[in-house]
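What follows is a set of notes on a single structure, which appears directly below.
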Amino acid sequence: MIITLASDHAGTELKSTLCTLLESTEAEVHDLGPHDTASVDYPDFAHRLAAEVESGRADLGVLICGTGLGMSMAANRHPGVRAALCHDAFTAEMARRHNNANVVCIGARVTGESVAEQIVRVFIETPFEGDRHSRRVNKINCPQEAPTEES
Ligand code: RB5
């Protein structure tokens, strides 16, 4: 499994910690940067990582900014990406099990290191349940097909 990580300046330190965690697993780990804490714009890194996941060059992604919000907004502009902002192991588990999320977003200014490690561990270990959830996930990119109140 190829797992790719990226952050902005607010998330560089946590990204290093999570890289170390992931490197201790069987996964192949790609760190897309940044590699220092100089100020950068989070969408640049969100789009870079989302392109890797969308193309299939990476199986899963981890995005970190201050809150995780900007990263998730930008990554979710890519139709092949389902980015989930997770604050705990439960949301990480459900993001995989029910939503088939392929990118997890974490806020380095709101989530402590050990919770972030739990989130990532659960995210990479939990399978998608499929079944009725496949139907729902398939509808995410099709707003025009959602029934109206009248239909
Ligand atoms: C950077 O200061 C901050 O805005 C960014 O890390 C992130 O939280 C945006 O959503």
Side-chain angles (χ1 to χ4, degrees), residues 1-25 27-129 133-134 136-144 146:
M1 182 192 288
I2 299 179
I3 303 178
T4 185
L5 299 93
S7 71
D8 70 355
H9 50 282
T12 318
E13 204 180 310
L14 181 58
K15 176 165 60 61
S16 297
T17 303
L18 296 177
C19 274
T20 306
L21 168 78
L22 289 168
E23 279 160 1
S24 72
T25 71
E28 182 177 325
V29 181
H30 296 178
D31 181 353
L32 302 183
H35 302 290
D36 58 39
T37 54
S39 184
V40 294
D41 296 337
Y42 59 83
D44 296 342
F45 287 87
H47 292 310
R48 194 177 294 176
L49 181 139
E52 292 299 295
V53 173
E54 196 167 33
S55 67
R57 288 191 294 273
D59 299 297
L60 295 175
V62 179
L63 280 172
I64 308 154
C65 63
T67 57
L69 288 166
M71 286 297 198
S72 58
M73 289 176 190
N76 278 320
R77 302 303 299 232
H78 296 248
V81 168
R82 288 172 300 282
L85 173 56
C86 294
H87 290 111
D88 51 38
F90 180 72
T91 46
E93 184 184 338
M94 289 301 118
R96 288 288 309 130
R97 228 179 253 300
H98 287 190
N99 309 112
N100 200 14
N102 48 18
V103 174
V104 60
C105 302
I106 300 172
R109 292 176 179 155
V110 287
T111 303
E113 192 178 284
S114 85
V115 173
E117 286 181 331
Q118 282 174 36
I119 288 171
V120 167
R121 212 183 276 281
V122 167
F123 193 77
I124 66 166
E125 286 173 358
T126 306
F128 177 46
E129 265 179 28
H133 301 295
S134 297
R136 294 166 185 165
V137 168
N138 288 338
K139 288 183 176 184
I140 290 176
N141 286 339
C142 305
Q144 71 286 356

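Both backbone and side-chain heavy atoms feed into the values below; hydrogens, waters and symmetry mates do not. Counting starts at 1 for both ligands and their atoms, in listed order.
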Inset, instruction - Please confirm whether Gly68 comes within less than 3.5 Å of ligand 1 when only nitrogen or oxygen atoms on both sides are compared. - result: no
Legend entry - Under 3.5 Å: N/O of Leu69 near N/O of ligand 1: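 The answer is no, given that Leu69 and ligand 1 share no N or O pair closer than 3.5 Å.
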Legend entry - Atoms in ligand 1 flagged as close to Ala10, the criterion being non-hydrogen separation under 4.0 Å: 6 (O)
Inset, instruction - For Gly66, take its heavy atoms, then give the atoms of ligand 1 lying under 4.0 Å from any of them. - result: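 So the answer, numbered in order with elements, is 5 (C), 6 (O), 7 (C), 8 (O).
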Inset, instruction - Among Val137, Val103, Asn99, find the residue that satisfies the side chain to side chain contact (heavy atoms under 4.5 Å, CB included) test when tested with Arg82. - result: Val137
Inset, instruction - Could you please spell out the steps behind the side-chain contact (heavy atoms from CB on, under 4.5 Å) verdict for Leu18 and Glu117? - result: CA-CA 6 Å; Leu18 296 177; Glu117 286 181 331; 3.9 Å; yes
Inset, instruction - Working to the nearest 0.5 Å, report the span between CD1 of Ile3 and CD1 of Ile124. - result: 4.5 Å
Could you identify the single nearest non-hydrogen protein atom to [atom] and state the distance to 0.1 Å?
atom	answer
atom 10 (O) of ligand 1	Gly70 N, 2.9 Å
atom 6 (O) of ligand 1	Asp8 OD2, 2.6 Å
atom 2 (O) of ligand 1	Arg109 NH1, 3.3 Å
atom 8 (O) of ligand 1	Thr67 N, 3.0 Å
atom 9 (C) of ligand 1	Tyr42 CE2, 3.5 Å

Inset, instruction - Mind running side-chain contact (heavy atoms from CB on, under 4.5 Å) on Leu5 and His30 for me, showing each step along the way? - result: CA-CA 6 Å; Leu5 299 93; His30 296 178; over 6 Å; no
Inset, instruction - Could you walk me through whether Leu63 and Val104 pass the side-chain contact (heavy atoms from CB on, under 4.5 Å) test, one step at a time? - result: CA-CA 6 Å; Leu63 280 172; Val104 60; over 6 Å; no
Legend entry - Check: Val120 and Leu21 side chains under 4.5 Å, non-hydrogen atoms: yes
Inset, instruction - Check whether any heavy atom of His9 sits under 4.0 Å from an atom of ligand 1. - result: yes
Inset, instruction - Tell me, with the steps shown, if Val53 and Leu60 meet side-chain contact (heavy atoms from CB on, under 4.5 Å). - result: CA-CA 6 Å; Val53 173; Leu60 295 175; over 6 Å; no
Legend entry - Within-cutoff protein neighbour (heavy atom, under 4.0 Å) for atom 4 (O) of ligand 1: no
Inset, instruction - Examine the proximity of ligand 1 to Cys65 and report which part, side chain or backbone, both or neither, has a heavy atom under 4.0 Å away. - result: both
Legend entry - Mutual orientation of the aromatic rings belonging to His98 and His133 [parallel < 30°, tilted 30-60°, perpendicular > 60°]: parallel
